[in-house]
Every structure is written in structure tokens, then in C-alpha cells.
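All remarks here apply to the structure that follows.
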Protein chains: 2
Amino acid sequence: MKIIIIGATGTIGKHVTAALAQDHEIIKAGSKSGDFNVDISSVESIEAFYKQVGKFDSLVCVSGDGHFGPLGSMKEAHFRVGINSKLMGQVNLVLIGQHYINHKGSFTLTSGSLAEDPIILGTNLSAMNGAINGFVRGAAVELENALRINAVAPDVVEESPIYFPYFPRHIPVTMNSVTQAYLRSVLGGQTGQVYKVSNH
Amino acid sequence: MKIIIIGATGTIGKHVTAALAQDHEIIKAGSKSGDFNVDISSVESIEAFYKQVGKFDSLVCVSGDGHFGPLGSMKEAHFRVGINSKLMGQVNLVLIGQHYINHKGSFTLTSGSLAEDPIILGTNLSAMNGAINGFVRGAAVELENALRINAVAPDVVEESPIYFPYFPRHIPVTMNSVTQAYLRSVLGGQTGQVYKVSNH
């Protein structure tokens, strides 16, 4: 398969890329690195990216920012960070990408455990993750051409120790367990699933 | 208690209003009707509304639009309808309202069954409902002054027959069961809950 990975050089992305590269053609994309640059917060950038890459079989997005900060001083502009990047970026990759992807292709997006297991400072990401989970469930019942769509919802990962203090007593998930969840989506047959990766 | 109901004259709102009005002071608000007009898609309108109303004990929002339409032709602008109204409108009611609400007050927002039980044409609302569920879970762990926040997630309601064709074989929920879910949030002690109202 020809597989696009958005965020291919990131903490999770590099593992997913390495695992899929064994048997597949990988198109690495990122905001500043990879074979192609794409700014997922921009519809124009996404359109240009797909035109360059051409037809493909699978897209994995492990990219997208959210706002991390206290609710007590949160303003709309803070909340819009996650909307414009993690949510709308991934949604636009699908809304536009559905017109470029091959028959029986798949989209695999990234949400996160905060949708259901919140932490202090994480309200924006809880909302964005919940939105992505809802989006994949909704899109799954409408995508044509036997396309599939799933999300992976990881807890804090073992290779991101800078986040450990914000996830008190969370047992970080292994990179292998997270990687396998992405591969289940890409290589499996299910659609509309949220693959939760958590030790809780 | 002094209870604000946004969307007080709507299909659900009028029932919640009638039930709470027996024992409480109700401030009815809506985009075009009620004691006060407020456009929840506008931060300025929400700020002005809270300044007029002053301190209050509970807010119930049963208002907010989403986009209803096919995924295959969906564009970012369609998706932003739900973001700007149902999601950001309710989020802003909380982000701003947390500075006006009394100690031990509560916010009760409206999501919907589509977050987990999708229908054709409902992708935007599935995403928005999931976002609201994530938001209330996230906000619940941070709200100060013993404030509470919950969401009610109704399936299609018996008094909205216009929507029945879009919810094939859903058994519409009674107005009483939906109303009681809002009352559980307002009058109960829980926070961070999503009260699902569905016959499935």
C-alpha cells in the first residue's frame, strides 16, 4: 500500500512509520519535516499536498496541536487552538482526502485518553479528542467506496516524560502498544472504531 | 435558585423550563425569544447577557446549531457551523459564566446520542456532541467554587417528528425522560457526567 503518515517524525509517528515501512510505501509528511510539508491547519495546504502526492491507500495522522492550560483563565482564542489544528486539521484531511484516496482505503486519526479520562489543564484536549471520536463514528457510516476510518486514543506515552507530571499516576503506555493500535486500524477491517491504548 | 435557561422556548427547553419554574426563579433566554436575547455564537453577546442577568445559580443550555448534511460534499464551512454554535457557544457560556455563577452553581449543556450512535448526514453533530461530552468531563476536574458541569445526551425526542426519518428505527425518547435528565443535573450532586437519554 501507499501510506501517508502526517507527523511521521514525531514521537509516535516515527514508530508507526518504521513499523509500516517494512511492507509498504510510506509518504512522510509534516509541518517542517518529511518528504512533503503540509500545514494541516490550512485547507489550501492540505489541497496542495494531496495534489502533489496523488492517489494513496491509507492516511495516518499523528499530528495536531491543542491548548494546554487552566480552565479558570481560558478564553475562546485558547480553545480555538485545538479546534483549528487537532480537530479541524484532521477533519479536513478526511473531508478533502476522501476525494483522493483509493477504493478500500482508510483514514486513521489521533484522539487521546483525555476524552474520557480528564486531567487538570486538559479541557481543550478532552473536548477535541471527544470531537475526533465522534467524527470517526459519524464519518464511518457515510464514507463511500468501502473506505474506513478509525481513531487511536492513547494515554501518555513512555517516550514523552515531559508530560508525566501532568498525568499523575498514569502508567505510560509503551510505544509498541500505541504503534500496534495504529496498525490494527490501517491493516485491519474495522471502521468507526476508537482504539483506546491505556493501562487503566 | 436563580436558573438561566438558554433556549427556554425550544422543543426541549419549554419542558425543562416548566419543570424548574415550579420551585425556582427562571431566567428565560434565547436568540429571539425569552426574557433576554443572547446570541451564543458571539462572545460579546454572552458577556453582555451575563452582565445584564447578574449572579445566578444554574445555567441550562438547550440551544446550539450543527450542520446536517452529507459527508461526501462536506466542506470546512459546513463543519464550522457546529463549531461556532453548538460547541463554541456552549463552551463560551461556561468559560465566561464561571466568573458570574454563584458558589455551588452548575452548568448543564446539551450534547446528543449521535456522539456514539451515528446516523447518515450527522457527522458534524456526532463530532460536536463528542466534543461537548469531552469538555464537560475536562471542565469538571477544574471548575472552582464547588461548581458542577454535566451534559445531557438525548436521542431524537418524541416532539420532533420532523427528524424521525433521519433516525430510522430509533424509538423517540419521551419529553419527560429528557426533562428528568436535565433536572438530575441541575438538582443533583454529580459533575462531569453525560446523562444519556435513549431507548437503545
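- Counting heavy-atom pairs closer than 4.5 Å to chain A, the top-ranked of the candidates B:Val91, B:Ile96, B:Ile119, B:Val194 is B:Val91.
- Here the shortest heavy-atom pairing between B:Lys2 and B:Val53 reads NZ-O, 2.7 Å.
- Of the inter-residue distances, the one linking B:Ile46 atom CD1 with B:Met88 atom CE reads 8.5 Å to the nearest 0.5 angstrom.
- Considering every non-hydrogen atom in both A:Phe107 and A:Ser185, the closest pair reads O-OG, 4.3 Å.
- Using a 4.5 Å cut-off on side-chain heavy atoms (C-beta onward), B:Val186 and B:Met1 make contact.
- Applying the salt bridge (charged side-chain N to carboxylate O under 4.0 Å, His left out) test to every pair with at least one member in residues 96-121 of chain B, sequence neighbours left out, gives these pairs: B:Glu116-B:Lys196.
- Inspection of non-hydrogen atoms places B:Gly69, B:Pro70, B:Leu71, B:Gly72, B:Met74, B:Lys75, B:Glu76, B:Phe79, B:Arg80, B:Ile83, B:Asn84 of residues 54-85 of chain B under 4.5 Å from chain A.
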Checklist entry - How far apart are the C-alpha atoms of A:Phe36 and A:Ile4, what are their side-chain angles, what is the distance that settles it, and do they pass the side chain to side chain contact (heavy atoms under 4.5 Å, CB included) test? => result CA-CA 10 Å; A:Phe36 294 91; A:Ile4 297 168; over 6 Å; no
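- Interface residues of residues 133-161 of chain B toward chain A, defined by a heavy-atom distance below 4.5 Å and sorted by number: B:Gly134, B:Phe135, B:Arg137, B:Gly138, B:Ala139, B:Val141, B:Glu142, B:Leu143.
- Residue pairs satisfying the ring-ring contact (aromatic ring centres under 6.0 Å, His included) criterion with at least one member in residues 174-200 of chain B, sequence neighbours excluded, are listed as follows: B:His170-B:His200.
- For the residue pair A:Asn37 and A:Lys32, the shortest heavy atom distance occurs at OD1-C, 3.7 Å.
- Of all heavy-atom pairs spanning A:Ile26 and A:Ala21, the tightest one is CG1-CA, 3.6 Å.
- Within the 4.5 Å cutoff, the side chain of B:Thr174 has no heavy atoms near those of the B:Val178 side chain.
- Chain B forms more heavy-atom pairs under 4.5 Å with one residue of A:Asn124, A:Ile132, A:Leu121 than with any other, namely A:Leu121.
- Here the straight-line distance linking atom CG of B:Leu109 with atom CD1 of B:Ile6 works out to 10.5 Å at 0.5 Å rounding.
- Of the two parts of A:Asn129, neither the backbone nor the side chain holds a non-hydrogen atom closer than 4.5 Å to a non-hydrogen atom of chain B.
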